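Working notes, beginning with the structure itself.
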Amino acid sequence: MRPAEIMDRRRFAETEGKRAHDPLYSPRRAARATATGFPVGEHGEVLAGPVIVGAGPAGLAVAACLTMRGVPYVLLERHGCVASLWRHRTYRRLRLHLPKRFCELPLMPFPPSYPAYPTREQFLAYLEDYIATFGIRPFFRQAVVSAEHDGDFWCVRTLDGGGTSREYRSKWLVVATGENAEPVVPDIDGIHAFRGLVIHSSDYRSGESYRGKKVLVIGCGNSGMEVSLDLSNHNVHTSMVVRDSVHVLPREIMGVSTFGDTARLGIPRPNIGPMELKRVSGKTPVLDVGTIAKIKSGDIKVYPAIQSFQEHGVQFIDGKSESFDVVILATGYKSNVPYWLKDKDLFSEKNGFPHNSNEWKGKNGLYAAGFSRRGLLGVSMDATNIADDILGCWNDFGYERHKRK
């Protein structure tokens with residue numbers, strides 16, 4: 001972690017610590033006092049507070065911070081639950097990749113009974129407690145189809161599951177749909193001719209149903225490495241494609257690699273260090289939980305990039321071919337912001353991220369929560385900054401004056 005990030009974290013922790021010990025700073029009292037999720041008129045009346053798009057960890061964190069500042073909001077979520085990625089698109093063995101102290105949302109620590117690396121189920125339970133503590137009530141099944149600034153307000157249009165359209169208008173728009181909104185499915189030569197099963201890792205749950213099959217995992221990030229390990233642990237014939245260089249670090253000793261030269265295992269390392277690589281490219285180092293040992297033992301085979309798919313297998317760039325029954329695309333996710341947000345100043349149209357990875361504030365009351373590529377710690381810092389900034393504007397503007405506009 002860079003010195004600037006350490007100082008940011010210390011300042012953030014000090015601020016949140018003071019609030020947590022303030023006897024007048026009660027989450028339940030604030031939740032009762034704040035109109036969270038108030039009804040929306042049919043004619044696009046202007047809301048008293050911001051519109052938050054996305055009820056994942058980032059959206060929930062912003063909602064909680066606004067609640068504690070007495071600012072009302074509307075929280076929109078396209079699915080029927082909060083944290084849909086964690087709930088419906090993750091494998092069962094998933095745990096937080098960083099110690100829990102780096103993954104707490106603002107104003108509420110993890111229970112002391114939780115292990116250093118909480119499980120998927122524990123993290124979801126933590127989010128449910130978070131929602132209850134701060135009285136967060138999202139509007140579910142509200143898929144945002146467009147959001148643009150009309151010169152005075154942000155006009156956010158949604159469609160529900162029945163095709164009903166609504167418009168929400170506000171001075172402030174918080175984009176909290178996150179870095180992982182949509183799966184990335186690469187178009188590899190010949191993939192449609194492959195007769196086996198092809199799935200994205202977002203649809204993978206466990207290796208139980210793949211016993212006795214030959215499975216190829218494409219991608220060697222954290223998901224690819226853990227899916228490969230899970231498959232191997234279920235006695236599946238497991239192979240993995242490593243297309244790019246990657247840093248592999250032991251989970252228990254963050255930032256200090258003890259594995260030596262992983263290139264001899266077919267996993268080349270980048271020329272720059274893991275934290276610098278994360279800063280300049282957003283590429284997260286892999287935190288190993290046992291996959292390297294499986295590769296060393298030969299239980300998991302490593303192949304180079306794919307040249308093309310064949311009817312029953314794959315040809316690799318080194319000329320070798322191998323047959324497979326199943327291919328799992330651990331090829332990551334992407335932002336969906338360019339599909340619905342009409343803004344070019346804060347967000348890139350190319351990748352749906354802010355132009356500067358540390359940017360959380362744009363023009364005309366536009367904010368980005370959870371796009372800093374700094375994990376859940378970055379989410380917490382974004383949420384606190386955004387809520388403080390909106391509070392200052394909201395106090396100056398005032399609800400009655402806002403409504404008369």
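All figures in this text were calculated on a predicted structure; none of them were measured in a lab.
The two residues Val71 and Pro50 make their nearest non-hydrogen contact at CG1-CD, 3.9 Å. Across every non-hydrogen atom of Asp203 and Arg205, the tightest pair is C-NH1, 3.4 Å. In plain terms, the two heavy atoms of Lys100 and Pro112 that are nearest each other are NZ-O, 3.6 Å. Residues Leu173 and Ala147 share a closest heavy-atom pair of CD2-CB, 3.9 Å. Leu60 approaches Ala55 most closely through the heavy-atom pair CG-O, 3.9 Å. Shortest non-hydrogen contact noted between Cys220 and Val242 is SG-CG1, 3.7 Å.
Within the 4.5 Å cutoff, side-chain heavy atoms of His97 are placed close to those of Leu94. Counting heavy atoms from C-beta outward, Val241 and Val314 have side chains that stay 4.5 Å or more apart. Side-chain contact between Val53 and Val175 is absent, with no heavy atoms from C-beta onward closer than 4.5 Å. Taking 4.5 Å as the limit, some side-chain heavy atom of Phe110 sits within range of a side-chain heavy atom of Leu96. Side-chain contact between Trp360 and Pro354: absent, with no pair of heavy atoms (C-beta onward) separated by less than 4.5 Å. Looking only at side-chain heavy atoms (C-beta outward), Phe123 and Pro57 come within less than 4.5 Å of each other. Contact annotation: the side chain of Met240 never approaches that of Leu229 to less than 4.5 Å [non-hydrogen atoms, C-beta and beyond]. Residues Val327 and Phe309 are in side-chain contact: their nearest non-hydrogen atoms beyond the backbone lie under 4.5 Å apart.
Residues passing the side-chain hydrogen bond (donor to acceptor under 3.5 Å, both in side chains) test with Asp230 are Tyr204, sequence neighbours excluded. Listed by chain and residue number, Glu226 satisfy the salt bridge (charged side-chain N to carboxylate O under 4.0 Å, His left out) test with Arg93 (two or more places apart in sequence, or in another chain). For Lys294, the salt bridge (charged side-chain N to carboxylate O under 4.0 Å, His left out) criterion is met by no residue, not counting sequence neighbours. Judged as a side-chain contact (heavy atoms from CB on, under 4.5 Å), and not counting sequence neighbours, the contacts of Lys342 are Ser146, Glu148. Every residue meeting the side-chain contact (heavy atoms from CB on, under 4.5 Å) condition with Asp150, not counting sequence neighbours, appears here in chain and number order: Asp152, Phe153, Cys155, Arg169. Scanning for salt bridge (charged side-chain N to carboxylate O under 4.0 Å, His left out) contacts around Lys361 gives Asp389, with sequence neighbours left out. Ala383 pairs by the side-chain contact (heavy atoms from CB on, under 4.5 Å) definition with Ala61, Val62, Cys65, Pro106, not counting sequence neighbours. Under the rule for a side-chain contact (heavy atoms from CB on, under 4.5 Å), the partners of Lys214 that lie at least two apart in sequence or sit in another chain are His237, Glu322, Ser323, Phe324, Asp325.
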Identify all side-chain donor-acceptor contacts of residues 193-200 below 3.5 Å with residues at least two apart in sequence or on another chain.
residue: Arg195; atom: NE; partner: Glu311; partner atom: OE2; Å: 2.8
residue: Arg195; atom: NH1; partner: Glu311; partner atom: OE2; Å: 3.4
residue: Arg195; atom: NH2; partner: Glu311; partner atom: OE2; Å: 3.2
residue: His200; atom: ND1; partner: Ser202; partner atom: N; Å: 3.0
residue: His200; atom: ND1; partner: Ser202; partner atom: OG; Å: 3.1
residue: His200; atom: NE2; partner: Val184; partner atom: O; Å: 3.4
residue: His200; atom: NE2; partner: Gly332; partner atom: O; Å: 3.0

Can you give me every donor-acceptor pair (side chain of residues 78-86, partner residue at least two apart or in another chain, under 3.5 Å) with its distance?
residue: Arg78; atom: NH1; partner: Glu182; partner atom: OE2; Å: 2.8
residue: Arg78; atom: NH2; partner: Ala181; partner atom: O; Å: 2.9
residue: Arg78; atom: NH2; partner: Glu182; partner atom: OE2; Å: 3.3

Check the pair Val46 / Lys171 against side-chain contact (heavy atoms from CB on, under 4.5 Å), numbers first and verdict last.
CA-CA 8 Å; Val46 177; Lys171 276 289 185 182; 5.6 Å; no
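Between atom CD1 of residue Ile52 and atom CD1 of residue Ile136 there is a gap of 8.0 Å, rounded to the nearest 0.5 Å. Considering CG of Leu366 and CD of Glu359, their distance stands at 10.0 Å, rounded to 0.5 Å. Between Trp340 atom CH2 and Thr177 atom OG1 the span is 5.0 Å, to the nearest 0.5 Å. Atom-to-atom distance recorded for Thr238:OG1 and Ile328:CD1 is 8.5 Å, nearest 0.5 angstrom. Distance check, rounded to the nearest 0.5 Å: OG of Ser201 to CG of Leu329 gives 8.0 Å.
Residues in residues 367-392 take part in these ring-ring contact (aromatic ring centres under 6.0 Å, His included) pairs, two or more places apart or across chains: Phe347-Phe371, Phe353-Phe371. Sorted by first then second residue, the side chain to side chain donor-acceptor pair (under 3.5 Å) pairs that include residues 120-130, not counting sequence neighbours, are Arg87-Glu128, Thr90-Arg120, Thr119-Gln122.
When each of Asp382, Asn358, Val379 is paired with Arg374, the side chain to side chain contact (heavy atoms under 4.5 Å, CB included) condition holds for Asn358 and for no other.
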